[in-house]
Each structure stands twice: as structure tokens, then as C-alpha cells.
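Structure first, then comments.
FYI, the numbering just counts along the sequence from 1. Note that ligands are numbered from 1 as they come in the structure, with each ligand's atoms numbered from 1 the same way.
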Amino acid sequence: DEAGLQRHFDERIAHDQRIEPRDWMPEGYRRTLVRQIAQHAHSEIIGMQPEGNWLTRAPSLRRKAILLAKVQDEAGHGLYLYSAAETLGVDRAELTDRLIQRRQKYSSIFNYPTLTFADIGVIGWLVDGAAICNQVPLCRSSFGPYARAMVRICKEESFHQRQGYELLMTMMRGTAQQREMVQDATNRWWWPSLMMFGPPDSDSPNTQQSMAWRIKRHTNDELRQKFVDMTVPQAEALGVTLPDPQLRWNAERGHYDFGEPDWSELKRVISGDGPCNEQRLARRRAAHEEGQWVRDAAAAHAAKQAAREEA
Ligand code: FAQ
């Protein structure tokens with residue numbers, strides 16, 4: 001009976017055992033996972049655009065090859081994540097429709113423009129750095145397919161983070177103008193990177209239940225603090241200033257204190273009114289429409305194969 005199934009599910013969660021697609025699960029658990037995994041997948045796919053913007057203008061063949069490989073990895077991450085979502089009984093085509101019709105979100109961070117090549121380095125350093133902080137604990141998420149997808153994704157993300165940092169190190173050893181570009185990109189991406197972790201815990205409707213289900217392992221504020229603590233020494237090593245006058249080491253807490261992000265900006269960007277929301281969704285919609293012939297051809301091929309096998 002339902003109560004027995006629920007009890008069995010609760011026990012497995014309490015013992016840190018994985019929930020697999022064929023196991024019974026509460027509808028809310030399934031819904032939360034579909035929401036989070038799909039939004040994560042959408043973020044990877046939309047996240048190809050800001051960096052893709054520089055593929056044709058990379059300053060050398062080496063930088064172009066590196067950037068191309070990174071953007072391809074992001075497509076791969078999106079695909080594993082859609083596959084993980086599909087194990088919950090939803091279909092990728094349906095999830096894509098929800099994205100295009102604005103019924104599902106994607107990360108706020110990808111609604112900011114990439115103005116110079118230094119942005120490519122800073123995205124690797126800060127955006128991939130934040131993504132790793134958030135995603136390493138998700139390797140222990142209670143839902144098996146999501147947790148397993150995260151293992152490979154995190155390995156690739158840490159490679160991305162290092163490539164960003166290496167690019168910035170190179171620029172910092174360059175001309176005064178290059179150093180200015182790095183500082184300017186850092187100033188623009190710092191606060192949006194802190195917002196990637198989501199609203200403060202006091203204003204995060206999903207955190208408590210997701211923690212109880214062990215889908216999330218830490219709260220938004222805990223991860224944000226971890227990211228700040230990890231990033232400040234990296235900024236010092238790089239020789240850039242993080243644009244927060246309140247940033248200082250607090251020996252008592254054993255953490256850095258930092259200023260309050262502008263939460264009204266996060267709300268605005270999430271609700272569709274960031275600097276590039278229109279452009280990002282329009283590009284995604286156009287790519288989907290331009291790909292219709294590929295999907296039609298694949299479906300026709302599959303139907304032909306099936307008919308042949310039957311004959
Ligand atoms: N942007 O109650 P909470 C990457 C929404 S990394 C947009 O706290 P939750 C790699 C939230 O969905 C980026 N929306 O929600 C890469 C909810 O709305 P809903 C992707 C946000 O789920 C690097 C509402 O606000 N990473 O792609 C944001 O417990 C470089 C209330 O919030 C992931 O998705 C935001 N920043 O916690 C690619 C990681 N924050 O759904 C290319 C997995 C919150 O109820 C280049 N996801 N919202 O309508 C998570 O860990 C969680 O879903 C959080 C949000 C932490 C993002």
C-alpha cells in the first residue's frame with residue numbers, strides 16, 4: 001500500500017541509498033527532480049551561447065580550439081542531463097517546448113553579455129567555479145541517474161575552470177590594457193556569479209524539502225559562502241580585485257564576510273528581464289526550428305528501419 005511504499009522510500013533516503021527510476025517515489029520528489037534536472041540541462045544548452053559568441057573571434061587557433069571543445073562539452077552535459085530527466089518519464093521534446101515557451105527556467109547567469117575575450121576567461125574561472133561548487137555535492141544526490149551524470153560533468157567542469165584561470169593568468173602577464181580587460185570582466189561577472197546559487201535561504205521555497213529528500217545536500221547560502229572562500233585567494237593570486245568593499249576575512253567565523261547581492265536584479269533576470277534574455281531564447285527557438293528537418297529525417301529513418309526489421 002501507499003503508506004508502506006512511502007515508508008520504504010523514507011528509509012532508503014535516511015540510509016543514503018540511491019533511488020532508481022523504477023523505484024516507487026512520491027510525486028513531489030519526481031516533480032522536483034524533473035524541474036531541477038531540466039533547468040540544469042536547459043542552462044547547459046543556453047550556456048553555449050555567451051561563449052559561442054567568441055568562437056569566430058578567438059585571438060589564436062589554440063584559443064579557438066580550446067573554446068570550441070569547451071562549448072561542445074556543454075552540449076554533451078545538456079544531453080546527459082536530458083537523458084537523466086527522461087528516466088523520470090518525461091520526454092526531451094516536451095522539456096524543450098517548456099523552455100521555449102518560457103514555462104521552465106534556465107540559469108540567470110547566461111543572460112549577461114560577453115563583451116570582450118577576457119569574459120571567456122572569467123566565465124571559466126567564476127561561472128564554472130560556481131558550477132563546480134554547486135555540482136560536486138550533487139554527485140551524492142539521492143536520485144541515481146542525476147548523481148551519476150554529475151560525476152563526469154564535474155570532471156569536465158573542473159577542466160573548464162582551469163582553462164579559464166590559465167587564460168586569465170596569461171592576460172595578466174600581458175599589457176596594461178589586457179589587465180584592465182580582466183578587471184573589467186571580473187567586475188561585471190562577480191555579482192551575477194554569486195546569484196547563480198539562487199535566492200538567500202530565507203527566500204528559497206524549495207531548499208528545505210529538497211534537502212529533506214537529499215536531492216540538494218547544502219543550502220544556497222552555504223554554497224555561496226563556500227564559493228567566496230574558495231575564490232578570494234584565487235583573485236589574490238591572479239592580481240584582480242573583487243568588486244565588493246565589504247569583502248574581508250572573519251577570523252571568528254573562519255569565513256570571508258561579503259556584501260549582499262542585489263536580489264531584485266536576480267528576480268528581474270529570472271523573470272525574463274535580464275540584458276540578454278530575449279536574445280538567448282530567440283536564438284534557442286531559431287535553432288530548434290532550423291533543426292526540424294534533422295528530427296524529421298531521423299524519425300523517417302527509424303520508421304524505415306523498424307519496417308525492414310518487421311519484414
Ligand atoms: N537562475 O527555491 P530555490 C552550468 C529559481 S551551471 C535561474 O532556491 P532550488 C554550467 C529556481 O529554479 C548553471 N533561476 O530553487 C556551465 C526556483 O524556481 P522554480 C546551472 C533560479 O531549485 C558553466 C526559484 O528560483 N546549474 O550550466 C536561480 O531549490 C559555464 C526559487 O529558488 C544548475 O542548474 C538562478 N540562478 O535551487 C555551462 C545546478 N536560482 O523552479 C556553460 C542544479 C534559483 O520553482 C558555461 N540546480 N532559481 O520555478 C540547483 O542546484 C538548484 O536548482 C538551484 C536553485 C541552486 C539553482
Give the atom numbers and elements of ligand 1 that come within less than 4.0 Å of a heavy atom of [X].
X: Val127; value: 23 (C), 30 (C)
X: Tyr146; value: 43 (C)
X: Ser204; value: 2 (O), 3 (P), 8 (O)
X: Ser107; value: 1 (N), 7 (C), 13 (C)
X: Asp128; value: 23 (C), 30 (C)
X: Phe197; value: 56 (C)
X: Gln135; value: 6 (S), 26 (N)
X: Tyr106; value: 1 (N), 7 (C)

Location of contacts on [X] toward ligand 1, heavy atoms closer than 4.0 Å:
X: Asn220; answer: side chain
X: Asn134; answer: side chain
X: Asn206; answer: both

Salt bridge (charged side-chain N to carboxylate O under 4.0 Å, His left out) against Arg12, all qualifying residues, sequence neighbours excluded: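 Only Asp23 meet the salt bridge (charged side-chain N to carboxylate O under 4.0 Å, His left out) criterion with Arg12.
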Salt bridge (charged side-chain N to carboxylate O under 4.0 Å, His left out) partners for Arg63, two or more places apart: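 Per chain and number, Arg63 pairs via salt bridge (charged side-chain N to carboxylate O under 4.0 Å, His left out) with Glu166.
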Quick one: which of Glu44, Gln104, Arg35 has a heavy atom closest to atom 4 (C) of ligand 1?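 That would be Glu44.
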To which of Pro199, Pro200, Pro50 does the heavy atom nearest atom 44 (C) of ligand 1 belong?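 Shortest heavy-atom distance from atom 44 (C) of ligand 1: Pro199.
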Name the closest protein heavy atom to [atom], giving the residue it belongs to and the distance to 0.1 Å.
atom: atom 40 (N) of ligand 1; answer: Gly198 CA, 3.2 Å
atom: atom 26 (N) of ligand 1; answer: His40 CD2, 3.7 Å
atom: atom 50 (C) of ligand 1; answer: Gln36 NE2, 3.6 Å
atom: atom 57 (C) of ligand 1; answer: Met196 O, 4.1 Å
atom: atom 16 (C) of ligand 1; answer: Phe110 CZ, 3.7 Å
atom: atom 1 (N) of ligand 1; answer: Ser108 N, 2.8 Å
atom: atom 21 (C) of ligand 1; answer: Ile270 CD1, 3.3 Å

Looking only at distances, please establish whether an N/O atom of ligand 1 is found under 3.5 Å from an N/O atom of [X].
X: Ser210; result: no
X: Lys70; result: no
X: Glu74; result: no
X: Met195; result: yes
X: Glu51; result: no
X: Lys105; result: yes
X: Glu157; result: no
X: Gln39; result: yes

Less than 4.0 angstrom from a charged side-chain N to a carboxylate O is my criterion; do [X] and [Y] meet it?
X: Glu289; Y: Arg285; answer: no
X: Arg217; Y: Asp16; answer: yes
X: Glu222; Y: Lys226; answer: no
X: Glu27; Y: Arg31; answer: no
X: Arg224; Y: Asp221; answer: yes
X: Arg148; Y: Glu20; answer: yes
X: Glu51; Y: Lys70; answer: yes

If the plane angle is over 60° it's perpendicular, under 30° parallel, otherwise tilted; pick one for Phe227 and Trp190.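 Parallel, since the angle between the ring planes stays under 30°.
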Which of parallel (below 30°), tilted (30 to 60°) and perpendicular (above 60°) describes Tyr146 and His40?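 Perpendicular, since the angle between the ring planes exceeds 60°.
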Mind checking whether Lys216 has a heavy atom under 4.0 Å from ligand 1?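 It does, in that a heavy atom of Lys216 comes within the 4.0 Å cut-off of ligand 1.
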State whether the number of non-hydrogen atoms from other residues, nucleotides or ligands found under 6.0 Å of Arg22 atom CZ is greater than 12.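 Counting neighbours around CZ of Arg22, 12 or fewer heavy atoms of other residues, nucleotides or ligands fall under 6.0 Å, so no.
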Please indicate whether Glu2 has more than 12 foreign heavy atoms, meaning atoms of other residues, nucleotides or ligands, lying under 6.0 Å from its CD.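 No.
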Would you say the side-chain atoms of Tyr256 and Arg248 include a donor-acceptor pair closer than 3.5 Å?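 On atom types as modelled, these side chains do not qualify, holding no pair under 3.5 Å.
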Considering all heavy atoms of both residues, which atom of Asn250 and which atom of Asp257 are nearest to each other, and what is their separation?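 Answer, listing the atom of Asn250 first, then Asp257: ND2-OD2, 3.1 Å.
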Just verifying a value: how many Å separate Arg62 CZ and Leu67 CG, rounded to the nearest 0.5 Å?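 Separation between the atoms: 12.5 Å.
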Is the distance between the ring centroids of His160 and Tyr165 less than 6.0 Å?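 They do not qualify: ring centres at least 6.0 Å apart.
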With the threshold set strictly below 4.0 angstrom, can you tell me whether any protein non-hydrogen atom sits that near atom 42 (C) of ligand 1?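 So far as the 4.0 Å threshold goes, atom 42 (C) of ligand 1 is in reach of a protein heavy atom.
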